[in-house]
Every structure is written in structure tokens, then in C-alpha cells.
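Reading through the C-alpha cells given below for one structure.
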Amino acid sequence: MTQTATPPPNSYRAGPDEGGHFGHFGGRFVAETLMPLILEVDAAYRAARADPAFQQELDGYLRHYVGRPSPLYFARRMTEHLGGAKIYFKREDLNHTGAHKVNSCMGQILLARRMGKTRIIAETGAGQHGVAVATVCALFGLQCVVYMGQTDIERQAPNVFRMKLLGAEVKPVTSGSATLKDAMNDAMRDWVANVHDTYYLIGTVAGPHPYPAMVRDFQSVIGEETREQILELEGRLPDSLVACIGGGSNAMGLFHPFLDEPDVRIVGVEAAGDGVETGRHAASMTGGRPGVLHGNRTYLLQTDDGQITEAHSVSAGLDYPGVGPEHAWLKDQGRVEYVPVTDAEALAAFQATTRLEGIIPALESAHAVAQVMKMAPELSRDHLMVLNMSGRGDKDVNTVAKVLGTGAGGMDLEGVL
Amino acid sequence: MTAPVAPTAQGPGLVVNRLDRRFAALRAAGRGGLVTYVMAGDPDRETGRRILDGLPGAGADVIELGMPFSDPMADGPTIQAAAQRALAAGQTLRATLDMLADFRRRETETPVVLMGYYNPIHSHGVDRFAADAAAAGADGVIIVDLPPEEASELADPLARHGLHLILLAAPTTDASRLAAILVKAGGFLYYVSITGITGTRAADQTQVADAVARVRERTDLPIAVGFGIRTPEQAAAMARIADAAVVGSAVVERVAAGDDPLVLVRDLAAAVRAARS
């Protein structure tokens, strides 16, 4: 080495601190009754992480039950169609239960078992996380209670039935706006009242510490596999990563292993609903401001008076008024770009992916595809872009049919393609 | 009538205001106190103002004034609904502070504790909130979702403005956590008598008595017991165990039903006053 290396920038992967802070985001903002439980989860998680047997057990289930590693698939026709960057899909949609959610559920259920908990509670919006939780509870024979907003129960009937088939009790939530944020409130209320036997299995990189860090760690298998796979396929790291963000767990899972790679451009896609300017959206970083909800400080959709407002998105999985605190920090650090994509753009991308690749993406993932469709044409052909195909879209076909009409099968896609 | 301002923020012990005087007076009189909770602006601003005005005369020794929040995670259905009624009627944090300032024009002695969740205060700005709450005549603040680990950012501005940050302890709180809570606790310690949310189930009096005794060994702070106290009998039992009993959901239910909540408050106060005699 001919020159003294300048001190490396602070790693973007070092957080959170012991109290769960990413900069001034994150932390533990919960009622005192819950604090001891959260500290217990933290201690149990740290012990599990340090135990090779835990990792080995998790790896076994991920491989043989979830079906990992998920493929990194070269999307040839989409690449040719867009005429720019070389596009890969990380196929989380091929996991058991059809989305990335199961990665964290598997890790957390093994943790809950280590802790001797016999009752699992969870919140769900679209029902994807609820289905994944019900699945792992069935796998291990644990009692499962899923809180779901009444509004969501009505618009996600197939997933409600799926959860019930798997043996879960689905508790309708009618308080507040009767959506995901209210389901999370009720799950926390349940936890406070059932502190001894119950584990709260949070679905995203949000909530009080250790959840944001723990869910990120369990989801990081996405990015770690991607790194190995792209090195094998292309002999180098990708130039850019794109993923959608509701709470942000699939995105964090893909991004985190690459945060300290300065040449990798990282783009998170928020749901802009009818458009950020309309106020009917779910883009908490683009259109919200910092606040405290559900145990952490992060960007939130809120009124001038600090009341939480409802999020709006065609994708129920992105329909949340907050975002994981590590994303909030990465936004303020400027390490990750966060951009909005509207319902209309996502629906067009949904159709394009279906027709070009024979893959029906989840509406959540379609938001990321829409961003890829904006970026890729401007980039050179040797630009490697990885999109996280976070889930499959079978659950969304009714929603899409309602928006586009059931004639969509024969529709003219000229405007889309 | 303005709360005294501590010269420097060196800890909660420096703040002395109506709350301290009231608990000292209760101890001197050898009786337990009644803390009543009402949601500001529930069911509407004018009715809420009349209820607040009536509380001292009905026998409330300390008033907890709820600041409505859209997502009250520690509260049961009764307080959730009260918050929604108040918000639907246009209540804001500013309106709650104005309501308190108006109340202080007529009532200068009864301590008022503002109780709620952190986000509206965070949104208002903690320094500005501390100044505005002090100017309005508040004596303390309880923020349910602000445990001691995260409390400094609000505790320091409150102390500078002569307000107590009142912390909570719960059945799940172990000895080491209790010690950490007591270091930062001001005004009184709020003992949550059940593992659960507000207004849902009654506490086991023996367990509460044991827990309060354990806290007493470690602090001279007054102890108020709340969550799950609904009837005059329950309030009297808690007033024998602790310095004060907190009644919230049962009072708010009367508001929701369109009844006069002060009737219940008078019954509660009579029971609490007679509890130790």
C-alpha cells in the first residue's frame, strides 16, 4: 500500500446501537408493561444468534421447507424490451407461501420455541404475513392468533380463508381505521395482556428494538444469496438494486449486505397511491415526517397535530403509514434513494411482467418493477440491475380484475408494453 | 399560579409544584387521594370543559387530562373510543392546552397531569410542548409509550419548565428496571396494576399491595395505582394500599353514555376519603 488509507466511512451496516437506534430513528417506544418482554426477546435473540445450532436449524428449514436458495433469474425479455440495463429478478415469489415473509417467520418461530412460548400473535394487512405466520405455526403445532383490520378482511378474503385452513384464529380489528396499523395496535394490546406465554411475531423491519434488526437479519439471506449468485453468474457485483417498501423488510433483506459497497446504487420504491401530491398515498418517506409509532421513531404519515393518517395504496402490503427505522436512517444518510411509484404505474408494471416474463408479480413487487422500467432504458447494457421479486401475485388477481376489468386477459397492452 | 421554574435541569427532584403540594397534603391528612382521568374534548369541547371544571368540586384530588391520539396502543376500547370522539370533534394538542389554560383561570390548586402518547408531542416539538404545557398550567406529564430509556429528550425540557415526568411501573417490571425508573420518575409513580390495557379487568388487591410495598421500600415518591379500578369499593381498597387510586375508563364510560360523570366521581371521592378512617 503506497498511501495511508483514509479512514473508511462509518459502516452503514453497524447499526443499531444497543438501544436499537439507527441515528435518532428506531429505539423502543412502548408501554412499561411491554418493556420487559421486549428486553426478553432481545436477550433471547442475541443468544440464538450466537448459537451455531440455531443457525443450523434455521438453515435446514429454509432449505428443505421454504425452498431456499431462491433463484436469481435473468429476465431476458424484459431486458430486451426495455433496451438498457441487464435485469435480474431475485425470485422470493418462489418461496413456500409465495413471498419473502416466510424467511423472517421461520427465524422468529424458531426463536419463540427456544423461548418456550406456546402462543403466537401477529398482525397482517394483505394477509401475506398472516398466512406465513399461520404456516409456521401449523408446522410446529403452535396456537396462532392473527389480527387483521375489518377493512382488510373484506378485501383479502382468500388469505383469510387460507389462514383459517392453517388453523389460525383471525381476529377482526374494528378500531381506528380498521387496517394494518390498527391490527398492530391490537396485537400489542394482546401481548400486554398475555405476557407469559405469547410471542409477537412482527412482519416487517419495524416495531420496537430488536424487531427491526432481527427481521433484517433474517431477511438478509436474500441479499447474501444475491451476492453469491451474481458473482457466479456475472463475476461481479450488481450496479443497482431495486425493491419495494411498505415496512421495508424485503428491501432491507436485499439491501443490507450491499450497503457498504459504494458502487452499488440502491433504490427503494414507496407506494404513491393516487400520487404523493394527492395526499392519498403510502409514501411515508417522500410524503411524511419523523414521528413515533408502534415502538419506533421513523417517518410517518401524520397530520399537523401528530395524528397518524391512513395510508392508501392498491397494494395492501404497502398500505402502512410508517416505514422501518433503518430505512429512515438510510434516507437521511443519503445511502439509499427512496422514490415513489403510483398505483397506475404499478398496475402497468404488473401487466408487463406477466406478459413479458410469465410471472404474475405481487402488486407490492410490481411497484419495484415500475421503477426498473423507468430506470433501465436510460442505462447501458452492461449495467447489472437486481430487482427483488418479493412475492407472487396470485393473491392480487381479484384486485387487479376489479381495477382493470375481467377482460384483462385479452386486453390491448400496447400502452403498457 | 405559574408553576415554579427550576433554575437548572439537574433531575426531577428539583421540581416542586402543585402535584407535590397536593400529595404532601394528602399524606399530612392521612388519607388516600383520587386521581380521575378524562379525555380532553370528549365528547366535544364545551362538554369536556364543563366536566373538567366540575372535577375538583366533585372530589378529584388530581386530574389526568387525556391528550387524544389516533393510535392509543395501551388503552382499551373505552379510552380508544373517547379519543376518536374527541378527534372527530376537532380536538388538537393546542386545543387541549388552551382548555387547561382556561380551566386554570378558575381553578389554581388542583394539579393537572397531561396524559397521552408521544407522537403528538414529538410533532409539536418537545421544547415547545414543555413551555406551552407549563404556561397552560400543567404540573406533570405521563407519556405511555415513553419508557425511561427514551425519556431524557422530554424529561429535560419538562424539568426546565417545572413539570414532572411521571413514569409507570408494571407487574412485569423487575427490581433492576424499577431502580432505573425511579431515578427518572417525578411527581408520583404510576403503578399499572394489571398486565393488560386500560379498563379491561380488575386487579388482584393482594398482588397490588405486595407490589406497592416493594416500590415503597425504594422510594418516597407517592404511588398512584391505576388500570382496572372501576368502582368506589375498588378505589377505596387501592387508596388504603397506595397514595392514590386512578380511575379512568369508568369515568369515561359515563361520558360516552351521555351521563354526568361527576356523579361517579363524587361516589369515588367519598369512598376514597373514607377508606382509611
Side-chain angles (χ1 to χ4, degrees), chain A residues 17-21 24 26-40 173-177 181-196 198 207-209 288-298 300-310 321-322, chain B residues 67-77 80-81 83-84 87 90-96 116-125 129 143-151 153 167-174 176-178 180-181 189-198 200-201 227:
Chain A
D17 70 14
E18 200 159 301
H21 303 98
H24 75 292
R28 291 183 175 114
F29 294 86
V30 297
E32 174 57 28
T33 317
L34 276 183
M35 274 303 293
L37 280 80
I38 284 162
L39 294 172
E40 184 195 357
V173 175
T174 54
S175 60
S177 54
K181 79 176 175 72
D182 309 285
M184 202 152 177
N185 292 338
D186 265 13
M188 288 194 165
R189 290 175 185 130
D190 178 311
W191 204 19
V192 169
N194 297 284
V195 295
H196 297 297
T198 297
H209 180 65
R289 59 195 174 87
V292 171
L293 179 71
H294 293 151
N296 61 151
R297 186 179 348 235
T298 187
L300 298 172
L301 301 181
Q302 54 184 315
T303 66
D304 290 344
D305 190 42
Q307 307 297 335
I308 308 305
T309 55
E310 250 183 279
Chain B
M67 299 176 284
F69 181 49
S70 52
D71 293 79
M73 281 171 299
D75 283 301
Q80 290 171 40
Q84 285 187 26
L87 292 172
Q91 192 70 10
T92 60
L93 180 56
R94 184 69 259 172
T96 300
Y117 293 80
Y118 193 35
N119 197 57
I121 288 165
H122 190 273
S123 170
H124 193 83
F129 171 78
I143 303 300
V144 181
D145 56 349
L146 196 66
E149 286 88 340
E150 305 284 357
E153 65 188 46
L167 296 179
L168 300 96
T172 47
T173 306
D174 64 17
S176 68
R177 277 197 68 72
L178 181 61
I181 289 167
L189 185 76
Y190 192 129
Y191 183 72
V192 176
S193 68
I194 54 164
T195 52
I197 51 180
T198 53
T200 46
R201 62 184 179 212
F227 282 49

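Order of the sequence lines sets the chain letters (A, B, ...), proteins ahead of strands, with each chain counted from 1.
- There is no contact between B:A81 and chain A, counting heavy-atom distances below 4.5 Å.
- B:T96 contributes atom OG1, which lies 8.0 Å from atom CG of A:D305 (distance to the nearest 0.5 angstrom).
- Nearest heavy atom pair, residue A:R289 against residue B:S123, reads NH2-OG, 2.8 Å.
- Across A:R297, A:H294, A:Q302, the residue that shares the most heavy-atom pairs under 4.5 angstrom with chain B is A:R297.
- For a residue to count as touching a neighbouring chain, one of its non-hydrogen atoms must lie under 4.5 Å from one of that chain's; by this rule B:I143 does not touch chain A.
- Atoms OG1 and CD1, from A:T33 and B:I197 in turn, are 11.0 Å apart once rounded to the nearest 0.5 Å.
- Atom OH of residue B:Y117 and atom CD of residue A:Q307 lie 12.0 Å apart, to the nearest 0.5 angstrom.
- Of all the listed residues (B:R94, B:E153, B:E149), the one sharing the greatest number of non-hydrogen pairs under 4.5 Å with chain A is B:E153.
- The two residues A:G306 and B:F69 make their nearest non-hydrogen contact at O-CE1, 3.4 Å.
- In plain terms, the two heavy atoms of A:P36 and B:R177 that are nearest each other are CG-CD, 3.9 Å.
- For a residue to count as touching a neighbouring chain, one of its non-hydrogen atoms must lie under 4.5 Å from one of that chain's; by this rule B:H124 does not touch chain A.
- Using a 4.5 Å cut-off between heavy atoms, B:P77 makes no contact with chain A at all.
- The OG1 atom of A:T174 sits 8.5 Å away from the CD atom of B:Q80 when rounded to the nearest 0.5 Å.
- The candidate with the highest count of non-hydrogen atom pairs below 4.5 Å against chain A, out of B:I194, B:T173, B:L146, B:D174, is B:T173.
- For the set A:M184, A:M188, A:R189, the entry with the most heavy-atom pairs within less than 4.5 Å of chain B is A:R189.
- Rounded to the nearest 0.5 angstrom, A:S175 OG and B:M73 CE are separated by 11.5 Å.
- If you measure heavy-atom distances from B:V192 to chain A, the contacts under 4.5 Å come from the side chain alone.
- Contact check for A:L293 versus B:N119: no side-chain heavy atoms found under the 4.5 Å cut-off.
- Residues A:K181 and B:S70 come closest through the heavy atom pair NZ-O, 4.2 Å.
- Residue with the most contacts toward chain A among B:P120, B:A74, B:A83: B:P120 (heavy-atom pairs, distance under 4.5 Å).
- Proximity to chain A (any heavy atom under 4.5 Å) is restricted, for B:D75, to the backbone atoms N, CA, C and O.
- Most heavy-atom pairs under 4.5 Å with chain B: of the set A:L34, A:I308, A:D304, A:T303, this distinction falls to A:I308.
- Smallest separation of non-hydrogen atoms from A:A193 and B:R201: O-NH2, 3.5 Å.
- The candidate with the highest count of non-hydrogen atom pairs below 4.5 Å against chain A, out of B:T195, B:L168, B:D71, is B:D71.
- Heavy atoms of A:N194 lying under 4.5 Å from chain B are absent altogether.
- Within the 4.5 angstrom heavy-atom criterion, no atom of B:L167 approaches chain A.
- No side-chain heavy atom of A:V292 sits less than 4.5 Å from a side-chain heavy atom of B:E150.
- Looking at A:H21, only its side chain comes within 4.5 Å of chain B, counting heavy atoms on both sides.
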